[in-house]
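Reviewing the structure listed below.
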Amino acid sequence: MTATPPASTPDRRAASSKEGRLTLGKVLSLLTADGHIDASEAEALHAERSARQQQHPLVVVAGMNWKSRRAPNKLLDLETLTEWLAGALGMPYMHIDPLKIDFSAITSVMSNAYATRRRVLPVQVTAREVVIATAEPFQREWEKELQPILRKEIRCVLANPLDIERFQVEFYNLARSVKNASTTGGAAGIASFEQLVELGKTNRQFDANEQHIVHIVDWLWQYAFEQRASDIHIEPRREIGLVRFRIDGVLHQVYQLPMSVLSAMTSRIKLLGRMDVIEKRRPQDGRIKTRTPQGLEIELRLSTLPTAFGEKLVMRIFDPEVLVRNFSELGFGDDDQTRWNAMVRQPNGIILVTGPTGSGKTTTLYSTLKHLATPEVNVCTIEDPIEMVEPAFNQMQVQGSIDLGFADGVRALLRQDPDIIMIGEIRDLETAEMAIQAALTGHLVLSTLHTNDAPAAITRMLDLGVPPYLLSATLLGVMAQRLARTLCPHCKQASPMQDDEGELWDALVAPFRANRPPQIHRPVGCLECRMTGYTGRMGLYEILLMNPALRKLITRDADIAALREQAYRDGMRPLRVSGAIKIASGVTTLDEVLKVAPQANEG
């Protein structure tokens, strides 16, 4: 939610108190006076539209898709027109961001019927004031009506008329659902450590299929999809429940809900995910396939965890379109693609992808397999759990309850005539030995490890107990990766690099030397990126390609520093250098790369 007070224009603002609803003629007159459109365009539109036109004047003008005749000739879309009108009338402008609104607080300010009749929407409530958004700047009688009731200052802001109309419905419906669910459900009766003393009480448990709960869950998913969230966290606390979204790798607190409602939401989602709704004492996994309002299929992977105050639920959102992205969209440079293709086009051997949880390893592997999975090739995977269901692969999930682990899964896959095998993770010597056995018998094996960088994967495999001669014979290469947020292309600004930033740059590219770029781009924040300055993430890659010189260094007491030095000589770029290239090209920032990429000399 972004508010910007413009310069005041007393003459226009004074006239507002004497007028009624905003008219198309008034808007066109102001646009013409400010030089945004020609008088002929204004006259033609005004003549075409009847006085009985029901749409808001700003919506009508936005529908023309005009570009301003004033530099920088921006498209006069609805949000731009709303911001312009606020400045023209001397009113503060606000973009309504649903992630930053406490819907429980704002819906208690006035009734839904009153908000709809007056075409207003409360957007912020503090101890001192209430901020109310309107799209009718000349209708302000409601301020006098509300002042004695609220006994707080009222600050009026101008907002997008379609946003006000939409959020009036959604916020009040959601608040009503939460209130009704809380009233009908009573206490949730969840098993939390602090509730053990209340076992003698009789509390009715929620029905997870109650319409109020169904509405809340559907609404939650809708907003997560719209906000590009990758994960939804539903977290119980002592007295309230929290809902948080992870967007571009950063968690944002979205809502606070009564614990009774949160528990019912969790039960509803577990029911849809075919999980055991009654069992709350042990972790569970599940998955749901649903559709966005636009009709796009989305898969949710569910994971529950028993905590001190109840079950915590995390839903990871998988977009099937990730699988059809090319490598340049994932962040691969030309050299990265050449080195990666040199590995994955081999008929047999082991390829390892390393990095922490959430660094994009699975996306890289799935995208690679999608390109390799032609009708002539049999691609099999063993995963824990299956991240995304892909019809082009034969996917098997680890089942700990029946002792089906990675090693047993690979052993079974080898009898299925595979060409390419993906192992979700190499965790122990038995799995590593089966991966090597598969590579030695003519299969291409892809898997993941958790190490800081690419050379550390070699020493990690040796530490597991893999014989050096077998590792040397089968390993094709290793790729380490991280995800860095990318700058919003709509608002990023270029400026010269400062002296302190230059020192950070020199440390970033060490042990290499690279000229400091004359300028770097910085985040600003706009409506497209929700005022964060970033939109989306891109990979940073460090690709170690095996060769005879490196194979000689794979011994029982292999020195990681020697491996790293040789890899540098053979053309491997460290993660931070990969990040530096993206900084110089204006894709991301110095702070972002320093935050996600480890130092080049870490083991």
Side-chain angles (χ1 to χ4, degrees), residues 177-178 181-182 184-196 198-221 224 231-238 240-244 246 257-291 297-318 357 362 381-389 395-406 408-409 424-425:
S177 293
V178 171
S182 302
T184 58
I190 56 175
S192 112
F193 292 159
E194 295 191 346
Q195 290 176 331
L196 295 178
E198 302 180 6
L199 291 177
K201 295 185 179 181
T202 56
N203 294 319
R204 186 175 80 81
Q205 186 73 21
F206 265 120
D207 179 0
N209 289 316
E210 286 184 8
Q211 189 58 41
H212 304 306
I213 301 301
V214 172
H215 175 250
I216 296 170
V217 171
D218 290 348
W219 186 86
L220 178 69
W221 285 344
D231 300 85
I232 305 171
H233 291 241
I234 296 181
E235 304 174 336
R237 295 292 189 264
R238 178 177 281 106
I240 60 169
L242 301 181
V243 177
R244 298 197 288 173
R246 186 178 295 279
L257 294 167
M259 278 297 297
S260 55
V261 176
L262 199 81
S263 177
M265 289 172 60
T266 301
S267 296
R268 167 73 179 165
I269 295 166
K270 287 173 66 177
L271 189 67
L272 294 174
R274 299 180 182 178
M275 302 160 72
D276 187 346
V277 179
I278 303 301
E279 179 58 74
K280 303 177 185 293
R281 301 166 299 173
R282 61 181 178 86
Q284 296 186 63
D285 294 312
R287 58 192 333 113
I288 297 172
K289 180 167 281 191
T290 185
R291 290 184 182 273
E297 276 195 359
I298 294 287
E299 193 159 314
L300 305 171
R301 196 189 76 196
L302 315 179
S303 174
T304 65
L305 183 74
T307 69
F309 302 110
E311 270 190 304
K312 180 181 187 295
L313 173 66
V314 175
M315 292 171 275
R316 174 154 289 186
I317 302 171
F318 290 104
T357 301
T362 301
T381 74
I382 171 91
E383 305 170 61
D384 183 23
I386 294 173
E387 300 277 9
M388 288 176 275
V389 177
Q395 297 170 279
M396 177 168 61
Q397 182 163 317
V398 167
Q399 302 283 352
S401 59
I402 57 174
D403 295 326
L404 175 59
F406 281 115
D408 296 319
E425 183 184 350

| task | Step by step, work out the side chain to side chain contact (heavy atoms under 4.5 Å, CB included) result for Arg287 and Ile386. | result | CA-CA 10 Å; Arg287 58 192 333 113; Ile386 294 173; 4.1 Å; yes
Determine the minimum heavy-atom distance between [X] and [Y], stating which atoms define it.
X: Ile382; Y: Phe406; answer: O-CE2, 3.4 Å
X: Ile216; Y: Ser177; answer: CG1-CB, 3.8 Å
X: Gly409; Y: Leu404; answer: N-CD1, 3.9 Å
X: Leu305; Y: Pro283; answer: CD1-CG, 4.3 Å
X: Val243; Y: Ile232; answer: CG1-CG2, 4.4 Å
X: Asp276; Y: Ile278; answer: OD1-N, 3.1 Å

Can you measure from [atom1] ([X]) to [atom2] ([Y]) and round to the nearest 0.5 angstrom?
X: Thr266; Y: Met275; atom1: OG1; atom2: CE; value: 9.5 Å
X: Leu302; Y: Ile234; atom1: CG; atom2: CD1; value: 9.5 Å
X: Gln397; Y: Glu383; atom1: CD; atom2: CD; value: 8.0 Å
X: Ser263; Y: Ile213; atom1: OG; atom2: CD1; value: 9.0 Å

| request: Check the pair Trp221, Ile288 against side chain to side chain contact (heavy atoms under 4.5 Å, CB included), reporting the backbone distance first and the verdict last. | output: CA-CA 12 Å; Trp221 285 344; Ile288 297 172; 3.9 Å; yes
| request: Using a cut-off of 6.0 Å, state whether more than 12 heavy atoms not belonging to Ile402 lie near its atom CD1. | output: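 Counting other residues, nucleotides and ligands, CD1 of Ile402 exceeds 12 neighbours.
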| said: Could you walk me through whether Arg301 and Asp285 satisfy the side chain to side chain contact (heavy atoms under 4.5 Å, CB included) test, starting with their C-alpha distance in whole Å, then the side-chain angles of each, then the deciding distance to 0.1 Å, before giving a yes or no? | reply: CA-CA 8 Å; Arg301 196 189 76 196; Asp285 294 312; 5.9 Å; no
Do [X] and [Y] have side chains that approach each other closer than 4.5 Å (heavy atoms only, starting at C-beta)?
X: Leu272; Y: Leu300; value: no
X: Ser267; Y: Lys280; value: yes
X: Glu311; Y: Pro236; value: no
X: Leu262; Y: Phe309; value: no

| message | Could you check whether Arg237 pairs with Glu235 (Lys NZ or Arg NE/NH1/NH2 to Asp/Glu carboxylate O, under 4.0 Å)? | response | yes
| task | Give a yes or no answer on whether the side chain of Lys270 reaches the backbone of Leu313 with a donor-acceptor pair at less than 3.5 Å. | result |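 A pair under 3.5 Å: no.
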| field | Any donor-acceptor pair under 3.5 Å from Thr304 side chain to Gln284 backbone | value | yes
